[in-house]
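Here is the structure we will look at.
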2 protein chains.
Amino acid sequence: MDVKTVCLGMLTEGEASGYDLKKAFESSFGHCFAAGYGSIYPALASLAESGCVDCEEIAQDGKPDRKVYRITDKGWDMLLAELANPAPSHKVRSEFLAQMAFAHLMTPEQVQTVLDSRIEDADRNLKFIDEFENSCDCDWPAGVRFTLGFGRTMLHAMKTYVEENRHMFDDATTTTKKAAAR
Amino acid sequence: MDVKTVCLGMLTEGEASGYDLKKAFESSFGHCFAAGYGSIYPALASLAESGCVDCEEIAQDGKPDRKVYRITDKGWDMLLAELANPAPSHKVRSEFLAQMAFAHLMTPEQVQTVLDSRIEDADRNLKFIDEFENSCDCDWPAGVRFTLGFGRTMLHAMKTYVEENRHMFDDATTTTKKAAAR
DNA sequence: GACTTTATATATCGGACTGATAGTATGCAT
DNA sequence: ATGCATACTATCAGTCCGATATATAAAGTC
């Protein structure tokens, strides 16, 4: 389940350009599986080379050619094979938590600023999910609704945890450790 | 806040080898910031080259030399500068959610298997955190306790969400979409 | 006694991903 | 008129991931 596979999955909804896919990554997948142009364009090129997608170049005057991709039968086979993975991963990479583990090397002000920014980020993402969910009359398939609910639940849990546990850093002893350790 | 910085942070607790750091990544940071040898050894080499750590090679008969790293003043400066980042990231990359978004292309059995394995994984990680927390008499600094609680809260929220929402995939209409779409 | 696993310890390599950057054109607002 | 947003492509250096290789000792198991 890499960027290539997710692109294939998106193409089952209809043909699309790299630019379209980027927008889809930002909206529906933003909270759980990000990808930038640096991943998407090479992925599409590789899929085209291996015959999993067809590419049609549509000339446009002024703008660069629009390259529209369409999934092939081979692409379907590949996608369904990937979806058979019984234990897909769910990974977290948190510079936030890594930084908090060394909170005793930071000033209390720095710590509180970081906690504030994490709450703001959670709020931003929650708002984003809500807007996305309400943006469309059509209803999403069950799977998409599941992922949106998942995202909302996790963000909410994160926000609540930070709010209810930030007092853990109130202790005055943390302030002096930096100097003492050095 | 990359692997290099976290290595520096760990070295503030005392000198260590790459092997020691790997163990630390697995235990205290496993749930939020993973790193393998392929990241750790190059990170240490780079830190040594830029003078952020000193390296002492200790010969051992039979076993390969043990290379012990120690943080330098320059390393401290670098670390404290990194810890000043007011908005560190918290990223999720979930093949699980990406796959669930395409649940309508899977069989109901496949979907349920994936959900089961996610719950098992959450349980495994919860158990791991509990064991780690109880493994040591010494108490961890506030920051580490915060990250452990964070991990537990998120895993618990994930497990509960999956259990309470797996019925979303019960709908019989999802079964036939695969054939229809093709 | 032979055999396998686990732990100690190093390190590299291909492939994948990230984030920044770059180019080129339209249209809209200030 | 100048800047900014949107539409569209694409590359590149740096970083990271997972697998793999190598070598030895201790400890458990058949």
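Model, not experiment: these values are computed from the prediction. Proteins come first, then strands; the chains are lettered A, B, ... in the order of their sequence lines, and each starts at number 1.
The side chain of B:Tyr19 lies closest to C:dT8 when the candidates are C:dA11, C:dT8, D:dC8.
The CD1 atom of B:Ile40 sits 14 Å away from the P atom of C:dT12 (whole-angstrom rounding). Look at CD1 on B:Ile58: it is 12 Å from C1' on C:dA9, rounded to the nearest Å. The distance from atom CG of A:Leu44 to atom P of C:dC17 is 12 Å, rounded to the nearest whole Å. A straight line from NZ of A:Lys23 to C1' of D:dT9 spans 14 Å, rounded to a whole angstrom. Atom C1' of nucleotide C:dT10 and atom CG of B:Leu21 are separated by 13 Å, given to the nearest angstrom. In this structure, OH of B:Tyr69 is placed 12 Å from C1' of C:dA9, rounded to the nearest angstrom. Atom pair B:Glu26:CD and C:dA7:P shows a separation of 10 Å (rounding to whole Å applied). Atom CG in A:Leu47 sits roughly 11 Å away from atom P in C:dA16 (whole-Å rounding).
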Close N/O contacts between protein and nucleotides 15-17 of chain D (under 3.5 Å):
from	atom 1	to	atom 2	distance (Å)
D:dC16	OP1	B:Val3	N	3.3
D:dC17	OP1	A:Arg93	NH1	2.7
D:dC17	OP2	B:Ser39	OG	3.3

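The main-chain N or O of A:Ala35 is never found under 3.5 Å from a side-chain atom of A:Ser39 such that the two would form a donor-acceptor pair. No donor-acceptor distance shorter than 3.5 angstrom exists from the side chain of A:Glu56 to the backbone of A:Arg66, with no hydrogens or angles considered. In terms of modelled atom types and a separation under 3.5 Å, the side chain of B:Tyr19 and the main chain of B:Lys67 share no donor-acceptor contact.
A ring-centre distance under 6.0 Å is not found for B:Trp140 and B:Phe146. A distance of 6.0 Å or more separates the ring centres of B:Phe33 and B:Phe29. In summary, the aromatic rings of B:His90 and B:Phe150 are positioned with their centroids under 6.0 Å apart.
Of the side-chain N and O atoms in B:Ser17, none sit less than 4.0 angstrom from OP1 or OP2 of C:dT8. Considering only side-chain N and O atoms, A:Lys67 lies under 4.0 angstrom from the phosphate OP1 or OP2 of D:dA10. Phosphate proximity of C:dT12 to B:Tyr41: absent, as no side-chain N or O sits under 4.0 Å from OP1 or OP2.
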- Item | Derivation and outcome, side-chain hydrogen bond (donor to acceptor under 3.5 Å, both in side chains), residues B:Ser94 and A:Lys91 | CA-CA 6 Å; B:Ser94 181; A:Lys91 287 179 199 158; over 6 Å; no
